[in-house]
Number of protein chains: 2
Amino acid sequence: MSKSKDKNKPTADAVPKAVVSRLSLYLRELQRLQRDAVVTTSSTQLGQLLGFTDAQVRKDLAHFGHFGYPGVGYRCSELVAAVKQIIGTDHTWPVVLAGVGNLGRALLGHRGFSHQGFDIVAAVDSDPSKFGKTLDGIEIQPIARLPELVMQHDVRLAIIAAPASAAQEVAERIVAAGIYGILNFAPITLHLPPEVAVSSVDLAIEMEQLSFAMTNLRPPSELLPEEEEPLRE
Amino acid sequence: MSKSKDKNKPTADAVPKAVVSRLSLYLRELQRLQRDAVVTTSSTQLGQLLGFTDAQVRKDLAHFGHFGYPGVGYRCSELVAAVKQIIGTDHTWPVVLAGVGNLGRALLGHRGFSHQGFDIVAAVDSDPSKFGKTLDGIEIQPIARLPELVMQHDVRLAIIAAPASAAQEVAERIVAAGIYGILNFAPITLHLPPEVAVSSVDLAIEMEQLSFAMTNLRPPSELLPEEEEPLRE
DNA sequence: TAGATTGTTAATCGATTAACAATC
DNA sequence: TAGATTGTTAATCGATTAACAATC
């Protein structure tokens, strides 16, 4: 009796990962429209702004419910609220930062992050010389205190900004402390239980996408050095 | 006569974007294997390390040539060299950084980036109080000097670490200076000519993927607050 | 009402996987 | 040789797009 239709549960069983990342883009774009005092938008407009077809926008949203008005479109404020609720940023998530090096400090300083529903409430590092220091109002703690900190602040998400050499171990400690969502900035593949959600940002990989595009696509100005042979034929 | 087979040109016409990003993951993993003194690997091993099927690994590589030995596998060093050449990181790319705030400074300090084939050779900002200051050996220049700097260092890639409010204009100046590849850290959609390659990293969006996973997937421990109704039925 | 735009079903397209002959 | 693993073709699967009745 709870099987066949169950219209009310946005169970998200079968929501493809790509849909979720587009959802974030819709949200970002809708918030921009709101700032520009736009009241109503449409799948066509949203699609044009983001480079998607109108059909895709409607299909994506249809995964989660009926948010539009036929003949009218979508009210920005309503859709923002709906998408935030779907994504789960209708409330703020406390986050712990692991690794307070170059990047970690930048993330700590990055206020305007809490606007988007995330708030760094604690920071840990493995370098004892940093313990007790305060950065942007957050005291740097030994990594061993992770379980306590997680309990204390009801943390559910972590950001790893540790060096590659430490990242796997740090990730395991994070999971051991009861956290199931990790944003990983270290350039390695984390091996963790499947129930842990991991997002990854690798600067080198992003740049490599550009390098590939430069060397393989676009020969409008033929400035590129001449093609080498493949290694073996 | 150049149409049908043309085995030698890895033209990359039809290389899906997803293949290119997996290529970077293969490279990263192969380099790690090399560091661990592994000489030979296989599509099965590579796949297991990264969570792909063996068929996918082989198919991805087959887009670009024949790099393996039937019955043997792939020699790590050879495959590393081949993949670097495909990606275009068999040489170093000079990069200009636009925006020297929190994040920009972290990127400047991020040595070990040049190891991967990218070298920040210049930095610009729009804040005059920063002009002339030197950070990690790079002098911060007015954004107006972009065209000169690009010429001077033969720059082909740019990183935007400017605030959202400035990013579109900065991007346009970068393109006007003759750059066709941009890594954008600002949380906006850049509107640029289609021949410009853009990669984007939006911290909030990455975190939102985790937030979605936390609120919609995985109810192993039923700690999550009870489900709200969708906005309208 | 006429015009616009939704949500959804069916058609198309592309990407992943399975299977296997060829090769070492 | 027997065992392993590639590169590739064919089968499967999933995601995107087109089309349209329903709705405002």
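Given the structure is predicted, the values throughout are model-derived calculations rather than measurements. Letters go in sequence order (proteins before strands), and every chain restarts at 1.
- Dashed line: the shortest gap from a side-chain N or O of A:Tyr74 to OP1 or OP2 of C:dA4 is not under 4.0 Å.
- If you check the side chains of B:Glu29 and A:Thr189, you find a donor sitting under 3.5 Å from an acceptor.
- Taken residue by residue, residues 38-55 of chain A places heavy atoms nearer than 4.0 Å to DNA chain C at A:Ser42, A:Ser43.
- Contact annotation: B:His66 side-chain N/O to D:dT8 OP1/OP2 distance is under 4.0 Å.
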Base-pairing string, 5' to 3', of DNA chain C - Watson-Crick or wobble, under 3.5 Å, | interstrand = ..||||||||||||||||||||||
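- For A:Gln56, taking side-chain heavy atoms from C-beta onward, the closest of the listed nucleotides D:dT17, C:dT17, C:dT8 is D:dT17.
- Between the side chains of B:Ser24 and A:Gln209, a donor-acceptor pair is found at a separation under 3.5 Å.
- Heavy-atom neighbours of A:Glu169 CD from other residues, nucleotides or ligands within 6.0 Å: at or below the threshold of 12.
- Atom CG of A:Leu33 and atom CG of A:Leu46 lie 7.0 Å apart (nearest 0.5 Å).
- Contact record, B:Glu206 with A:Leu183: CB-CD1, 3.8 Å, taken as the closest heavy-atom pair.
- Side-chain nitrogen and oxygen atoms of A:Arg22 include at least one within less than 4.0 Å of the OP1 or OP2 phosphate oxygen of D:dT16.
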Grab the N/O contacts between the protein and nucleotides 20-24 of chain D below 3.5 Å, and write none if there aren't any.
{"unit_1": "D:dC24", "atom_1": "O4'", "unit_2": "A:Pro70", "atom_2": "O", "d": "3.3"}

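- Taken to the nearest 0.5 Å, the CG atom of A:Leu157 stands 7.5 Å off from the CD1 atom of A:Ile179.
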